[in-house]
A.B. asks: 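This is the structure I have questions about; it appears just below.
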Amino acid sequence: VTIEDLMQFIKGPDFPTGGLAYRHVNGSEDGEDSLVSAYATGRGKITMRAKLHIEDMGRGKQRIIVSELPYQTNKSALVERIASLVRDGRLEGIADLRDETDRQGLRLAIELQRGAEPAPVIEKLFKLTPLQETFSIIMLALVNNEPRVLSLKQCLKVYLDHRLDVVRRRSEYELARARERAHILEGLLKALDMMDEVIATIRKSRNVDTARNNLIHLLKISEAQAQAILDMQLRRLAALERKKIQDEYDEKVKLIAYLEGLLNSPQQMREVIAEETRTVKSAYSDPRRTIIVESTAATSVTTESLMLPQEETWVTLTVGDRIARSFATTAPKISSDNKEPPRFILQSDSTQILYLFSTEGHCAT
């Protein structure tokens, strides 16, 4: 598979603090994608920006709300930096700055002066403050105790080889322990089948070493099995205890057969790795936090939706296929004498994009 194929599943870096990650693409059709290049070579750069939106305060005033910061950006240092720029006159158009962070999440409110346009202020904030940061991608790893810069595909291959080695060594260890235990249980079962002779042999022996040797010749067993018989407690002579020994022996035989088949089947080992990976995913996975944004220029300021005030609205589609939105926060009223009653009513806000699909598969936004 190619890097582009892998990136259908691995979209890009995902930082714990969220934010927007920009993958810059040159304007030409065969233009280089910065993120694809980084994953293909193991080295590259990615631009991180804070996630923000604009709220209308009324009376010609607006404020910029910062809800997510680039990774490792200190909020207190950011607030001090913005305040310092405003005091020095390098950042104009800001009337107030408040930290409204609470249990609901991060929220920095940058209140603009009456009549100030948000776009120039946002551009300055990205340029002069840590609201925009550049992160270097260096996919460096130890491979066979040697540092190597790996591509995305090489990273996955090295990790898969590591997991195969872990499963193989673990299975070999478990197989050795299972064979040892089955060997002991086999000796105990032989002793239980000839318990009267075993007891008589032990009673006739002068010491432990003699008893061990006599059991080896009597039952045709190994020294370890003979020692296990000598160490066996009297309670194991009971019928239920004998059944437990037989059940454990049968279980070990099945385990040995499974582990031997696993070690002889690379495909089965990969299936084990896949199942363990799914288990880890179900236990620890969470939704992606960092949004990957394609950009045709590194200096692009914002998307169009960022420049729109975030306002609650209701979107209505009538039976006559007319669409409209309200400027009120309450749902539109429906009257019985309406010539075009609504077919759908949707609650949304002004920063979201509405996609309409027809039965023929056509889409409008």
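Computed over heavy atoms, backbone and side chain alike; hydrogens, waters and symmetry mates excluded.
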A.B. asks: Using a side-chain heavy atom cutoff under 4.5 Å and only I, L, V, M, F, W and Y, what cluster partners does Ile273 have?
C.D. replies: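 Besides Ile273, the cluster holds Leu160, Leu164, Val167, Leu175, Leu255, Ile256, Tyr258, Leu259, Leu262, Leu263, Met269, Val272.
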
A.B. asks: Would you say the side-chain atoms of Asn144 pair up with the backbone N or O of Glu146, donor to acceptor, closer than 3.5 Å?
C.D. replies: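 Side chain of Asn144 to backbone of Glu146, a donor-acceptor pair under 3.5 Å: no, none is there.
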
A.B. asks: Under 3.5 Å, side chain of Thr313 to main-chain N/O of Ser326, donor-acceptor pair present?
C.D. replies: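 The answer is yes, because a donor-acceptor pair under 3.5 Å joins these two groups.
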
A.B. asks: Which value, rounded to the nearest 0.5 Å, describes the distance between Ile65 atom CD1 and Lys51 atom NZ?
C.D. replies: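 Result: 13.5 Å between the selected atoms.
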
A.B. asks: Give a yes-or-no answer on whether the side chains of Asn214 and Thr201 include a donor-acceptor pair shorter than 3.5 Å.
C.D. replies: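 Thr201 and Asn214 do not have a side-chain donor-acceptor pair below 3.5 Å.
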
A.B. asks: Any chance you could measure Leu346, atom CG, to Thr316, atom OG1, to the nearest 0.5 Å?
C.D. replies: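 Rounded to the nearest 0.5 Å, the CG-OG1 separation comes out at 9.0 Å.
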
A.B. asks: When you measure from the side chain of Arg343 to the backbone N and O of Val319, does any donor-acceptor pair fall under 3.5 Å?
C.D. replies: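 Looks like yes, one N/O pair under 3.5 Å.
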
A.B. asks: Quick one: are Glu223 and Gln227 in side-chain contact, heavy atoms under 4.5 Å?
C.D. replies: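 Side chain of Glu223 against side chain of Gln227, heavy atoms only: no contact under 4.5 Å found.
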
A.B. asks: Is the shortest side-chain N to carboxylate O distance from Arg242 to Asp193 below 4.0 Å?
C.D. replies: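 Judged by the 4.0 Å cut-off on N to carboxylate O distance, Arg242 and Asp193 do form a salt bridge.
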
A.B. asks: If every non-hydrogen atom of Lys61 is compared with every non-hydrogen atom of Asp56, which pair is closest and at what distance?
C.D. replies: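 The answer is O-OD1, 3.1 Å.
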
A.B. asks: Just wondering, do His162 and Val158 contact through their side chains at under 4.5 Å, heavy atoms?
C.D. replies: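 No, too far: nothing below the 4.5 Å cut-off.
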
A.B. asks: Quick one: do Val166 and Tyr159 end up in the same hydrophobic cluster if we chain Ile, Leu, Val, Met, Phe, Trp and Tyr together by side-chain heavy atoms under 4.5 Å apart?
C.D. replies: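 Not linked; separate clusters.
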
A.B. asks: Any heavy-atom pair between the side chains of Ile291 and Arg49 that's under 4.5 Å?
C.D. replies: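 SC-SC contact between Arg49 and Ile291 ruled out.
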
A.B. asks: If we ignore angles and hydrogens, is there a donor and acceptor under 3.5 Å between the side chains of Asn213 and Thr210?
C.D. replies: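 Looking only at side-chain atoms, Thr210 and Asn213 do not form any donor-acceptor pair under 3.5 Å.
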
A.B. asks: Take atom CZ in Arg98; do more than 12 heavy atoms of anything else shown fall under 6.0 Å from it?
C.D. replies: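 Enclosed.
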
A.B. asks: For the pair Glu248 and Arg236, find out whether any cationic side-chain nitrogen is under 4.0 Å from an anionic carboxylate oxygen.
C.D. replies: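 Arg236 and Glu248: not salt-bridged.
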
A.B. asks: Between the side chain of Arg23 and the main-chain N/O of Val36, is any donor-acceptor distance below 3.5 Å?
C.D. replies: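 The answer is no, because no donor-acceptor pair under 3.5 Å joins these two groups.
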
A.B. asks: Is any side-chain heavy atom of Pro13 closer than 4.5 Å to a side-chain heavy atom of Leu35?
C.D. replies: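 Yes, close enough: below the 4.5 Å cut-off.
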
A.B. asks: Same cluster or not: are Leu112 and Leu128 linked, directly or through other Ile, Leu, Val, Met, Phe, Trp or Tyr residues, by side-chain heavy atoms under 4.5 angstrom apart?
C.D. replies: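 Leu112 clusters together with Leu128.
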
A.B. asks: Considering residues, nucleotides and ligands other than Arg322, do more than 12 of their heavy atoms fall under 6.0 Å from its CZ?
C.D. replies: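 Open: at most 12 neighbouring heavy atoms sit under 6.0 Å from CZ of Arg322.
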
A.B. asks: Between Tyr249 and Lys252, is the side-chain contact (heavy atoms from CB on, under 4.5 Å) condition met? List the steps.
C.D. replies: CA-CA 5 Å; Tyr249 177 73; Lys252 294 300 179 184; 5.6 Å; no

A.B. asks: Quick one: does any side-chain atom of Gln154 pair with a main-chain N or O of Ser151 as donor and acceptor, under 3.5 Å?
C.D. replies: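 Present.
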
A.B. asks: Between NZ of Lys124 and NZ of Lys127, what distance do you get to the nearest 0.5 Å?
C.D. replies: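 These two atoms lie 5.5 Å from each other.
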
A.B. asks: Check whether any side-chain heavy atom of Met139 lies under 4.5 Å from a side-chain heavy atom of Tyr39, and answer yes or no.
C.D. replies: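 When only atoms from C-beta onward are counted, Tyr39 and Met139 do touch, with a gap below 4.5 Å.
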
A.B. asks: Would you say the side chain of Arg181 lies within less than 4.5 Å of the side chain of Ile184, judging by non-hydrogen atoms?
C.D. replies: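 The answer is yes; the side chains approach within 4.5 Å.
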
A.B. asks: In plain terms, say whether Glu68 and Arg289 are close enough for a salt bridge, that is, a side-chain N and a carboxylate O under 4.0 Å apart.
C.D. replies: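 The answer is no: the pair does not qualify as a salt bridge.
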
A.B. asks: Kindly compute the distance separating CZ (Arg90) from OG1 (Thr129), expressed to the nearest 0.5 Å.
C.D. replies: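 Interatomic distance, Arg90 CZ to Thr129 OG1, rounded to 0.5 Å: 11.0 Å.
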
A.B. asks: Is it true that a side-chain atom of Gln225 and a backbone atom of His183 form a donor plus acceptor pair closer than 3.5 Å?
C.D. replies: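 Side chain of Gln225 to backbone of His183: a pair is present.
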
A.B. asks: Would the distance check show the side chain of Thr290 and the main-chain N or O of Phe15 forming a donor-acceptor pair, the cut-off being under 3.5 Å?
C.D. replies: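 A pair under 3.5 Å: yes.
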
A.B. asks: What is the minimum heavy-atom distance between Ile345 and Trp314, and which atoms define it?
C.D. replies: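 Taking every non-hydrogen atom into account, CG2-CE3, 3.5 Å.
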
A.B. asks: Can you name the nearest heavy-atom pair linking Arg212 to Asp209, along with the distance?
C.D. replies: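 Looks like NH1-OD1, 2.9 Å.
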
A.B. asks: Could you go through the salt bridge (charged side-chain N to carboxylate O under 4.0 Å, His left out) check for Arg177 and Glu174 one step at a time?
C.D. replies: CA-CA 5 Å; Arg177 301 288 82 76; Glu174 292 177 351; over 6 Å; no

A.B. asks: What I want to find out is whether Asp250 reaches Lys254 closely enough, with some N-O distance under 4.0 Å, to be called a salt bridge.
C.D. replies: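 No salt bridge links Asp250 with Lys254.
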
A.B. asks: Out of curiosity, does Leu188 fall in the hydrophobic cluster containing Leu218 (side-chain heavy atoms, cut-off under 4.5 Å, transitive links)?
C.D. replies: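 Yes, because Leu218 and Leu188 connect within a single hydrophobic cluster, where side-chain heavy atoms sit under 4.5 Å apart.
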
A.B. asks: Nearest heavy-atom pair of Glu111 and Arg63: which atoms, and what distance?
C.D. replies: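 Looks like CA-CB, 3.8 Å.
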
A.B. asks: Is the shortest side-chain heavy-atom distance between Leu156 and Ile10 below 4.5 Å?
C.D. replies: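 When only atoms from C-beta onward are counted, Ile10 and Leu156 do touch, with a gap below 4.5 Å.
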
A.B. asks: Do Leu131 and Val66 have side-chain heavy atoms sitting under 4.5 Å apart?
C.D. replies: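 Side-chain contact under 4.5 Å: yes.
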
A.B. asks: Give a yes or no on whether Phe135 atom CZ has more than 12 heavy-atom contacts from other residues, nucleotides or ligands under 6.0 Å away.
C.D. replies: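 Yes, because the 6.0 Å sphere around CZ of Phe135 holds more than 12 heavy atoms from other groups.
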
A.B. asks: Does Thr17 reach the main-chain N or O of Leu69 with its side chain, forming a donor-acceptor pair under 3.5 Å?
C.D. replies: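 The answer is yes, because a donor-acceptor pair under 3.5 Å joins these two groups.
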
A.B. asks: Go through it in stages, so that I can follow the logic: the residues are Ile82 and Leu108, the test is side-chain contact (heavy atoms from CB on, under 4.5 Å), and I'd like the CA-CA distance, side-chain angles, deciding distance and then a yes or no.
C.D. replies: CA-CA 11 Å; Ile82 296 175; Leu108 292 179; 5.8 Å; no

A.B. asks: Check whether any side-chain N or O of Ser84 sits under 3.5 Å from a backbone N or O of Glu80 as a donor-acceptor pair, and report yes or no.
C.D. replies: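 Not confirmed, Ser84 side chain does not pair with Glu80 backbone.
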
A.B. asks: Give the minimum heavy-atom separation between Leu142 and Pro147, together with the two atoms involved.
C.D. replies: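 The pair with the smallest heavy-atom distance is CD2-N, 3.7 Å.
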
A.B. asks: Does Lys153 use its side chain to pair, donor to acceptor, with the backbone of Val1 at less than 3.5 Å?
C.D. replies: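 Yes: the side chain of Lys153 pairs with the backbone of Val1.
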
A.B. asks: Give the intermediate values and the outcome of salt bridge (charged side-chain N to carboxylate O under 4.0 Å, His left out) for residues Lys244 and Glu241.
C.D. replies: CA-CA 5 Å; Lys244 287 182 180 179; Glu241 291 294 327; 3.8 Å; yes

A.B. asks: Mind checking the NZ-CZ spacing from Lys11 to Arg288? Nearest 0.5 Å is all I need.
C.D. replies: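 Going from NZ on Lys11 over to CZ on Arg288, the span is 8.5 Å.
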
A.B. asks: Just wondering, more than 12 heavy atoms not from Glu92 lying within 6.0 Å of its CD?
C.D. replies: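 Not more than 12 within 6.0 Å, no.
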
A.B. asks: Same hydrophobic cluster for Leu97 and Leu125, using side-chain heavy-atom links shorter than 4.5 Å among ILVMFWY?
C.D. replies: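 Looking at the clustering, Leu125 is in the same group as Leu97.
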
A.B. asks: Give, for atom CD1 of Ile229 and atom CD1 of Ile199, the distance between the pair rounded to the nearest 0.5 Å.
C.D. replies: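 Result: 11.5 Å between the selected atoms.
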
A.B. asks: Are Tyr355 and Phe344 connected, step by step, through hydrophobic side chains (Ile, Leu, Val, Met, Phe, Trp, Tyr) whose heavy atoms are closer than 4.5 Å?
C.D. replies: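 In one cluster: no.
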
A.B. asks: Within the supplied structure, the quantity of interest is the number of heavy atoms (other residues, nucleotides, ligands) at a distance under 6.0 Å from Leu240 CG; does it exceed 12?
C.D. replies: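 Incorrect, the count does not exceed 12.
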
A.B. asks: For residues Leu230 and Ala211, report the shortest heavy-atom separation together with the two atoms involved.
C.D. replies: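 Closest approach of Leu230 to Ala211: CD2-CB, 4.1 Å.
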
A.B. asks: If you apply the rule side-chain contact (heavy atoms from CB on, under 4.5 Å), what do you find for Leu52 with Ile110, and how did you get there?
C.D. replies: CA-CA 10 Å; Leu52 49 86; Ile110 304 173; over 6 Å; no

A.B. asks: Are Glu260 and Arg179 close enough for a salt bridge, meaning some N to O gap below 4.0 Å?
C.D. replies: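 Here Glu260 pairs with Arg179 in a salt bridge, since their nearest N and O are under 4.0 Å apart.
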
A.B. asks: Show the numbers, then the answer: is there a side-chain contact (heavy atoms from CB on, under 4.5 Å) between Lys75 and Leu78?
C.D. replies: CA-CA 5 Å; Lys75 182 183 63 175; Leu78 171 65; 5.5 Å; no

